[in-house]
**Student:** 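Got a structure for you, written out below as structure tokens; questions coming shortly.
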Amino acid sequence: MTGKIVLNKEQIEEITAKLGKQISDDLRNDKKLPVIVGVMKGSLNFMMDLLKHIDIPCYTDYIQISSYSGTRSTGVIKLVKDLSYDCRGRTVLIVEDIVDTGNSMSYLIKHVKTHAPEQVKVCTLFDKKPARVTDVHCDYVGQEITGNEFLIGYGLDYNEIGRNLPYVFAASPEDVEEYKKLFEQDSK
Ligand code: IMP
Ligand code: MG
């Protein structure tokens with residue numbers, strides 16, 4: 001790996017502690033218990049750490065969509081797994097790894113609204129604002145990304161590889177080449 005570390009373990013702990021506290025304080029007085037929804041698979045690592053810092057009673061659920069291939073968004077979003085929990089009248093907090101063009105989050109918000117929640121809120125580990133194509137509001141942001149780097153690790157993947165890393169790094173062209181080779185060799 002020659003790219004730069006964007007978040008190490010300690011920074012991840014700081015961010016999840018800060019966001020978990022804010023979320024708990026904001027949703028503590030909801031009339032009904034909120035539903036925290038992780039977007040699979042990218043947000044799972046973040047979701048698990050964030051939940052440890054949410055100190056109010058809540059439900060958890062998962063939703064899965066697909067839109068990416070390699071380092072490019074295919075632009076076509078598919079719902080792979082819908083919510084399992086009845087979210088009517090509750091706050092739904094969508095937890096994502098990264099909001100990039102905003103297309104996935106915009107789709108998710110619209111979709112979750114069809115389940116008639118009281119309100120929909122968004123928490124994302126990374127907000128890549130310069131890449132935005134569709135305007136979406138993120139209520140809780142771990143870190144803003146100002147360049148166009150491709151991030152790998154801690155849930156974020158290159159063709160499904162790299163999610164298990166306990167840190168996040170910005171892939172250098174050499175890193176992308178290395179991951180591409182790994183993926184191609186393994187797909188033979
Ligand atoms: P969007 O629809 O362009 O906002 O893309 C959002 C989804 O694309 C995220 O949930 C990620 O799964 C994926 N994605 C966007 N940027 C990156 C990145 O830098 N690394 C890995 N995955 C990414
Ligand atoms: Mg994702």
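Residues take their numbers from the sequence shown, with the count starting at 1. In listed order, ligands and their atoms are each counted from 1.
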**Student:** Taking the side chain from Q11 and the backbone from N8, do they hold a donor-acceptor pair closer than 3.5 Å?
**Tutor:**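 Side chain of Q11 to backbone of N8: a pair is present.
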**Student:** Give the single entry among F126, F150, Y107, Y158 that approaches atom 21 (C) of ligand 1 most closely by any heavy atom.
**Tutor:**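 The nearest heavy atom belongs to F150.
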**Student:** Among side-chain atoms of Q119 and T91, is any donor-acceptor pair under 3.5 angstrom?
**Tutor:**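 Yes, T91 and Q119 have a side-chain donor paired with an acceptor closer than 3.5 Å.
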**Student:** What atoms of ligand 1 come closer than 4.0 angstrom to any heavy atom of T101?
**Tutor:**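 Those qualifying, in numeric order: 1 (P), 2 (O), 3 (O), 4 (O).
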**Student:** Does G42 have a heavy atom less than 4.0 Å from any atom of ligand 1?
**Tutor:**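 Under 4.0 Å: no for G42.
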**Student:** Please say whether G102 places an N or O atom under 3.5 Å from an N or O atom belonging to ligand 1.
**Tutor:**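 Yes, since at least one N or O of G102 sits under 3.5 Å from an N or O of ligand 1.
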**Student:** Side chains of S106 and T134: any donor to acceptor distance under 3.5 Å?
**Tutor:**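 There is no such pair between these side chains.
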**Student:** Looking only at heavy atoms of K128, does any of them come nearer than 4.0 Å to an atom of ligand 1?
**Tutor:**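 Yes, that is the case, since the closest heavy atom of the residue is under 4.0 Å from the ligand.
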**Student:** Do we see a donor-acceptor contact under 3.5 Å between the side chains of D97 and S43?
**Tutor:**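 Absent: no donor and acceptor within the cut-off.
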**Student:** Taking 4.0 angstrom as the limit and counting only heavy atoms of S104, give me the atoms of ligand 1 inside it, by number and element.
**Tutor:**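 Every atom of ligand 1 under 4.0 Å from some heavy atom of S104: 1 (P), 2 (O), 5 (O), 6 (C).
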**Student:** Pick whichever of N159, L156, V133 has a heavy atom sitting closest to atom 22 (N) of ligand 1.
**Tutor:**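 When every heavy atom of N159, L156, V133 is considered, L156 comes closest to atom 22 (N) of ligand 1.
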**Student:** Is the NZ atom of K81 crowded by more than 12 outside heavy atoms at less than 6.0 Å?
**Tutor:**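 Counting other residues, nucleotides and ligands, NZ of K81 exceeds 12 neighbours.
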**Student:** Do D49 and Y154 have side-chain N/O donor and acceptor atoms under 3.5 Å apart?
**Tutor:**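 Indeed, the side chains of D49 and Y154 share at least one donor-acceptor pair under 3.5 Å.
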**Student:** When you check the side-chain N and O atoms of D82 and H111, is any donor under 3.5 Å from an acceptor?
**Tutor:**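 Per modelled atom types, D82 and H111 side chains form a pair under 3.5 Å.
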**Student:** Could you tell me if any non-hydrogen atom of M105 lies under 4.0 Å from any atom of ligand 1?
**Tutor:**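 No, M105 has no heavy atom closer than 4.0 Å to ligand 1.
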**Student:** Below a 4.0 angstrom heavy-atom separation, can you tell me which part of D97, side chain or backbone, both or neither, approaches ligand 1?
**Tutor:**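 The side chain, only.
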**Student:** Under a 4.0 angstrom heavy-atom cut-off, which atoms of ligand 1 come close to L151?
**Tutor:**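 Those qualifying, in numeric order: 18 (C), 19 (O), 20 (N), 21 (C).
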